[in-house]
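To start, the structure under review is shown below, and the notes come after it.
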Amino acid sequence: MVIKQKKKIMLIAGSRYTQDALYSQLIEYIGAEAEIIRYTIDEGIKPELNSDLFVFSSSESYKEFSQIEKEYKLTSYIIGKRMISYEYLDRVMMLPKNQKIVFVNDTKESAEQGIQELVDLGIDYLDLIPYHPGIIKMPEDIKIAITPGEIDKTPKGIDEVYDIGVRILDFVTIVNILKKLDILDDRIKIFANKYSNKIIDLSKKIMMLSEKNEKTEKFLRQNIVGKGYYAKYSFDDIKGKSEEIVEAKIRAEKLAKTDLTILIDGESGTGKELFASAIHNASKRNKAPFIAVNFSAISDELLESELFGYEEGSFTGAKKGGKIGLFEQADKGTIFLDEIGDISIKMQSKLLRVLQEKEIRRVGADRIIPVDIRIIAATNKDLRQMIQEKQFREDLYYRLKMGYVGLPALRHRKEDIPIIIESTFESKEMKSRSIDGRVLDVLINYDWPGNIRELINTLMYMSAVCDEKILDISSLPDDRFFGISSESIKDKINIELSINEKSALIAIHNLISKGELASREKIIIKMSDSGHKISDYQIRKIIKNLESKQLLGKAKGSYGLYITQTGKKAITDSL
Ligand SMILES: Nc1ncnc2c1ncn2[C@@H]1O[C@H](COP(=O)(O)OP(=O)(O)OP(=O)(O)O)[C@@H](O)[C@H]1O
């Protein structure tokens with residue numbers, strides 16, 4: 001028997017810190033095929049010169065090595081290209097928008113490059129200023145720093161440092177290493193998958209985050225924009241033919257003709273603001289303003305002065321001449337109070353007064369001002385439960401609920417999913433896109449906890465990552481995202497499976513969930529491990545059967561087999 005000798009890689013980095021990070025990365029990808037020897041220039045250890053390949057952490061480490069080992073002629077080597085590691089980005093993603101921050105690295109170029117990488121990843125909402133040790137004067141008002149492992153280079157006066165870890169080898173470098181070692185095979189698909197999954201996870205997080213930012217800012221934007229409060233949507237913009245949505249629309253259209261206060265109840269992303277806007281446009285108030293106020297994340301003081309306005313000199317920082325509040329600005333129009341369940345008991349009492357008396361008093365004023373407004377409130381919280389827990393006033397609840405519209409979750413009206421997809425593709429940015437049947441199957445089977453907003457965001461995401469006109473399975477966010485939810489598991493499916501089919505399905509599932517490619521050879525091995533011995537001919541047949549039962553699919557491109565939602569259900573049912 002011939003025992004294949006492991007190839008030797010000599011990893012050379014400037015410091016131990018960098019070397020540790022790159023070493024773990026190489027072990028993860030090629031630890032089984034190659035022996036990795038480490039060498040750190042800082043420590044001056046003798047390098048093992050008979051290695052098959054030299055991998056340098058950067059062009060600096062290459063230069064230094066060449067100077068130290070002048071005599072040695074490098075035959076096979078790679079100078080690594082590096083990128084920010086996604087693993088530690090969560091913390092910096094949470095930093096508030098427009099925050100001034102220094103990005104610390106060892107040189108001007110690397111600091112600028114680091115900033116560019118963050119921006120390319122979608123973290124473009126921070127005010128990042130490059131910093132490296134050569135800079136003599138640092139802007140004084142900056143208290144936060146981000147650094148890829150160069151904490152010791154952080155300037156004085158910084159209170160918080162976010163270390164996003166050493167920059168790791170990029171995908172192309174890893175591929176080049178595999179090529180040089182002559183081990184570039186099927187694994188490349190798995191690496192590509194791993195990398196793209198990480199990027200997808202990250203962009204999903206960034207997408208959700210920017211949505212959150214947008215929400216808390218919705219309120220503040222009112223002040224910046226000042227004017228131009230208008231309702232964008234009409235009932236025609238509300239898509240869907242399901243009984244639930246049609247009923248909600250009919251009810252809302254009827255309520256629009258009245259002047260009743262309305263409470264819209266529905267999970268996040270079900271279209272509460274869309275409905276409020278449509279109601280306003282269909283009402284006799286449609287020539288007057290429509291002002292939307294989001295109650296989440298606003299302090300009582302700010303809320304009070306924004307809603308009611310204030311008199312000059314009523315508190316420190318109050319503007320000269322006072323300020324007209326949103327209730328007054330919405331006069332003759334509609335005010336939409338979003339996330340009403342988030343306001344304090346104190347603000348609830350003040351709101352109740354407005355509803356009862358139809359008048360307001362500015363902060364610091366004696367004068368009472370009559371207002372003619374219609375209030376539409378929205379909630380995604382169970383207000384009745386909150387009443388029981390004494391967190392919401394019952395009298396306010398009944399005042400708000402004179403007209404009531406309950407919006408169904410998207411998972412309860414799945415027949416609307418294709419309609420919403422179609423209408424989204426009709427929009428300008430998405431023009432001429434479509435999806436293939438299998439993707440539609442996945443989208444219909446998913447539960448959509450973020451409802452229509454999440455569906456639209458997913459379609460936008462898919463069209464951003466896919467260059468093809470028809471969005472295929474490879475453009476979907478990763479599998480975990482579309483995993484089976486508890487709700488959809490409830491309905492058992494009735495598909496008869498032979499013992500071998502069941503075992504193959506489970507084997508494929510286990511391979512994919514480990515990030516491995518489900519090749520026939522691997523499936524046979526896995527099945528045999530669990531006591532089911534089958535031939536190559538048999539596995540071909542089983543795969544065909546599972547495909548025809550729509551439990552298994554073959555992804556376009558190089559991603560191999562995947563398990564459909566029905567397939568996942570079949571596995572769960574059979575356990
Ligand atoms: N029936 C629908 N047809 C088409 N688009 C819809 C529909 N319902 C919602 N949308 C779209 O989904 C997104 C979210 O809707 P909206 O902001 O009205 O939800 P919401 O219930 O107010 O969410 P939140 O509670 O998080 O504020 C918007 O882009 C909206 O245009």
Side-chain angles (χ1 to χ4, degrees), residues 207-222 229-253 256 262-282 290-298 334-343 375-383 386 400 404-430 443-444 446-463:
M207 188 161 85
M208 284 174 196
L209 202 78
S210 60
E211 218 171 77
K212 218 166 132 201
N213 274 336
E214 227 170 71
K215 263 190 139 185
T216 49
E217 264 176 25
K218 214 186 209 172
F219 179 84
L220 300 170
R221 227 184 297 137
Q222 314 278 14
Y229 304 135
Y230 69 102
K232 269 200 283 190
Y233 303 106
S234 71
F235 281 113
D236 287 343
D237 295 310
I238 301 172
K239 307 290 176 211
K241 291 204 163 51
S242 62
E243 210 179 308
E244 291 88 343
I245 201 75
V246 171
E247 258 177 32
K249 260 168 96 168
I250 294 175
R251 182 181 257 267
E253 273 172 310
I262 298 172
L263 179 66
I264 306 177
D265 187 357
E267 289 177 14
S268 178
T270 46
K272 297 186 289 294
E273 184 162 349
L274 180 65
F275 264 77
S277 170
I279 292 172
H280 171 80
N281 272 336
F290 170 81
I291 295 184
V293 185
N294 190 306
F295 281 161
S296 62
I298 301 171
T334 307
I335 190 155
F336 172 59
L337 308 179
D338 201 1
E339 310 214 7
I340 193 87
D342 285 2
I343 59 170
I375 292 183
I376 302 180
T379 182
N380 56 21
K381 292 197 170 146
D382 184 349
L383 295 183
M386 288 181 71
L400 292 170
Y404 175 81
V405 181
L407 295 186
L410 189 55
R411 65 183 165 282
H412 295 140
R413 50 182 186 106
K414 293 203 163 191
E415 63 267 47
D416 287 343
I417 293 176
I419 301 171
I420 292 166
I421 294 174
E422 204 177 303
S423 87
T424 307
F425 286 142
E426 277 164 13
S427 71
K428 243 200 323 205
E429 314 90 73
M430 301 272 216
L443 297 184
I444 290 179
Y446 181 58
D447 261 0
W448 300 111
N451 292 291
I452 298 135
R453 178 182 294 113
E454 190 185 7
L455 172 59
I456 295 176
N457 281 346
T458 304
L459 295 172
M460 284 182 4
Y461 168 80
M462 288 168 67
S463 56

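Remember, it's 1-based here, ligands and their atoms both numbered in the order they're listed. What you are looking at is a predicted structure, and each value in this text was computed from that prediction instead of being measured.
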CD on Glu422 to CD1 on Ile417, rounded to 0.5 Å: 14.0 Å
From Asp236, Ile238, Leu274 - option closest to atom 8 (N) of ligand 1 by heavy atom: Leu274
Main-chain N/O of Ser268 paired to Asn451 side chain as donor or acceptor, under 3.5 Å: yes
Side chain, backbone, both or neither: the part of Asp416 lying under 4.0 Å from ligand 1 by heavy atom: neither
Parallel, tilted or perpendicular: ring planes of Phe290 versus Phe336, cut at 30 and 60 degrees: parallel
Contacting atoms of ligand 1, where contact means under 4.0 angstrom from a heavy atom of Asp338: 27 (O)
Closest non-hydrogen atom pair, Ala278 against Ile238: CB-CD1, 4.1 Å
Rounded distance [0.5 Å steps], NZ in Lys249 versus OG in Ser242: 9.5 Å
Pairwise side-chain contact, Thr270 with Leu410, heavy-atom cut-off 4.5 Å (strictly under): no
Distance-only N or O hit between ligand 1 and Ile456, under 3.5 Å: no
Any Gly269 heavy atom less than 4.0 Å from ligand 1: yes
Ligand 1 atoms in contact with Gly271 (distance to a heavy atom under 4.0 Å): 8 (N), 9 (C), 15 (O), 16 (P), 18 (O), 19 (O), 20 (P), 21 (O)
Heavy-atom proximity to atom 2 (C) of ligand 1, best of Lys239, Glu273, Arg453: Lys239
Sub-4.0 Å heavy-atom contact, Asp237 with ligand 1: yes
